[in-house]
*Asks:* 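Here it is, the structure in full.
As the structure is a computational prediction, the values presented were derived from the model and not from experiment. Quick note on labels: first sequence line is chain A, next is B, and so on, each numbered from 1.
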2 protein chains.
Amino acid sequence: MAPPPAAPASRPSRRSASRPDGTRRRASHSMEAVLTEAVALLDEAGEGALTFRALAARLGGGVASIYWYVASKEELLDRAANHVLADVLADAELQVEREDPIDGMRAIAVTLFDAVADRPWLGAYFMRDTELQPHGLQLYERLGQQTLRLDLTPRQRFHAVSAVIGFVVGTAADMGQEPPREVLEGEITREEYLARWAEEWRSLDADSYPYVHHIVDEFATHDDAEQFRAGLELILAGLRLQAGG
Amino acid sequence: MAPPPAAPASRPSRRSASRPDGTRRRASHSMEAVLTEAVALLDEAGEGALTFRALAARLGGGVASIYWYVASKEELLDRAANHVLADVLADAELQVEREDPIDGMRAIAVTLFDAVADRPWLGAYFMRDTELQPHGLQLYERLGQQTLRLDLTPRQRFHAVSAVIGFVVGTAADMGQEPPREVLEGEITREEYLARWAEEWRSLDADSYPYVHHIVDEFATHDDAEQFRAGLELILAGLRLQAGG
DNA sequence: CATAAACTAGAACATTGTTCGATGCGGCGC
DNA sequence: GCGCCGCATCGAACAATGTTCTAGTTTATG
């Protein structure tokens, strides 16, 4: 979505086919292995867990080796995002053959949401650099293709796709914020946690916070996915209206 | 928007009235000063520029002193966000007296967007902890109050407000990503930068990327604020429809 | 076999958030 | 005045991180 830096030609960063031979003294990585382990680290313990040292240990090599494949941590995360988006894209391609283009948009949006929701880091690195993230660009393209089947101007199509992506990424990143330790470590459940917050809200002055009191029960029992879907429907309804029903 | 950690009672964190007396050996801060300088640092040079050492230097004191007011950098950013939201809230309050509740929602959303757009860090820390961010909660309340004037169920109201905030914060954070050095240092303008990216897109295969080609001109000349407004209108149109026109 | 490119890695560096312990400052009871 | 105690400040040290330097080893190719 956001403007990408023009990629400086930089290092070759080509993969090396590590032969299936198991007996090698020195660790042999290959770009694929680096990204796979990086994503694994990210998925297991969140963004904070991805350090060059932890990654090197997992690869059984030295810290500096990673720099042969990647020029910086930023690039590592850009590439890791693209790596994950390959699966998202594959899923999305399957669901594109809808009669109704808006159904197609919804399907892609939901797929992307699911991916970002349990990978909070992905939101921040989605389509930052189209050169490093071809899969992100393709996802963008797929979503946009649906709008080509709607009666809209190019500008309206551009705005529609931007809106959907902004909403998906923003909402997912927001919902995916690292839960506090208490929940992560299983001390309390998500419900208890929500209830605790709800209680805090209920203790607010009712006259000053009529809305908060009005929705506090909904909040306490809400489901993230349903909340997302509801918001998405608003956008899609507005879009359908714009396209002339 | 996202669940907040239950605030551990922690340090008192009260302000101390630093007397106007200029001749003091030791630096006397006060919470207000800390937050003000932190925000200034953030605004001047982005999230990366806010370090405890830089902040201490600006305050003319030692690094460890800041920890008397704030338990961690996380809390510092939460409080800084709340500090900024005070102004946003004041702006929003002025624009709430609309006839049409949806006009009111739009006004608040635009105000919040403007604030986040040129403060990328704000998006990531918006309403993370309502106890530390009362202003964020009040903004949420104000937005929600508009929906009380619409014919909706509590759940629909909850979803509507969540959708608007998710879209605003997500889009603004996305658009507000740090521009690359070339642009920041004035080597090239934003237009040239966009044009460069557009050129890259135009070089893609036209059959595989029909949509990208279709909107590339729109992209090259697009205005962030207009793009945001267009997306917001989609949500609000969907909402109006849901409320029965 | 020699040469260059592909690839690995140890050690060192600067910078960051955070903690510890010591020290000053202000008012209050006596 | 004196001593005490809570508020407030700060220097120094720590561990962790991204990154660079430099040197080494492997692999393909002629």
*Asks:* Report each atom pair, protein N/O against N/O of nucleotides 14-18 of chain C, whose distance is under 3.5 angstrom.
*Replies:*
residue: C/dG17; atom: OP1; partner: B/K73; partner atom: NZ; Å: 2.6
residue: C/dG17; atom: OP2; partner: B/F52; partner atom: N; Å: 3.1
residue: C/dG17; atom: N7; partner: B/R53; partner atom: NH1; Å: 2.9
residue: C/dG17; atom: O6; partner: B/R53; partner atom: NH2; Å: 2.8
residue: C/dT18; atom: OP2; partner: B/Y67; partner atom: OH; Å: 3.0
residue: C/dT18; atom: OP2; partner: B/K73; partner atom: N; Å: 2.8
residue: C/dT18; atom: O5'; partner: B/Y67; partner atom: OH; Å: 3.2

*Asks:* When the side chains of residues 45-55 of chain B are checked against the rest of the protein, which donor-acceptor pairs come out under 3.5 Å, sequence neighbours left out?
*Replies:*
residue: B/T51; atom: OG1; partner: B/A54; partner atom: N; Å: 3.0

*Asks:* The criterion is side chain to side chain contact (heavy atoms under 4.5 Å, CB included); which residues satisfy it with A/E44, sequence neighbours excluded?
*Replies:* A/A40, A/R58
*Asks:* Quick one: B/W68 CH2 to D/dT9 P, roughly how many Å, whole number?
*Replies:* 7 Å
*Asks:* Under 4.0 Å: is that the gap between some side-chain N or O of B/S65 and OP1 or OP2 of D/dC10?
*Replies:* yes
*Asks:* Rounded to the nearest Å, what distance is computed from the CG atom of residue B/L55 to the P atom of nucleotide D/dT9?
*Replies:* 12 Å
*Asks:* Would you mind telling me which of C/dT8, D/dC10, C/dG10 lies closest to the side-chain atoms of A/A64?
*Replies:* C/dG10
*Asks:* Run the ring-ring contact (aromatic ring centres under 6.0 Å, His included) test against B/Y209 and tell me which residues pass, sequence neighbours left out.
*Replies:* none
*Asks:* Could you state the CG-C1' distance from A/L76 to D/dT19, rounded to the nearest angstrom?
*Replies:* 13 Å
*Asks:* Who passes salt bridge (charged side-chain N to carboxylate O under 4.0 Å, His left out) against B/E187, sequence neighbours left out?
*Replies:* none
*Asks:* Between D/dT9 atom P and B/I66 atom CD1, what is the distance in whole Å?
*Replies:* 11 Å
*Asks:* Report yes or no: do B/E218 and A/H159 form a side-chain donor-acceptor pair below 3.5 Å?
*Replies:* no
*Asks:* Report the distance from atom CD of A/E75 to atom C1' of D/dT19, rounded to the nearest whole Å.
*Replies:* 14 Å
*Asks:* With sequence neighbours excluded, what pairs up with A/A81 under the side chain to side chain contact (heavy atoms under 4.5 Å, CB included) test?
*Replies:* A/W121, A/L122, A/Y125, A/Q133
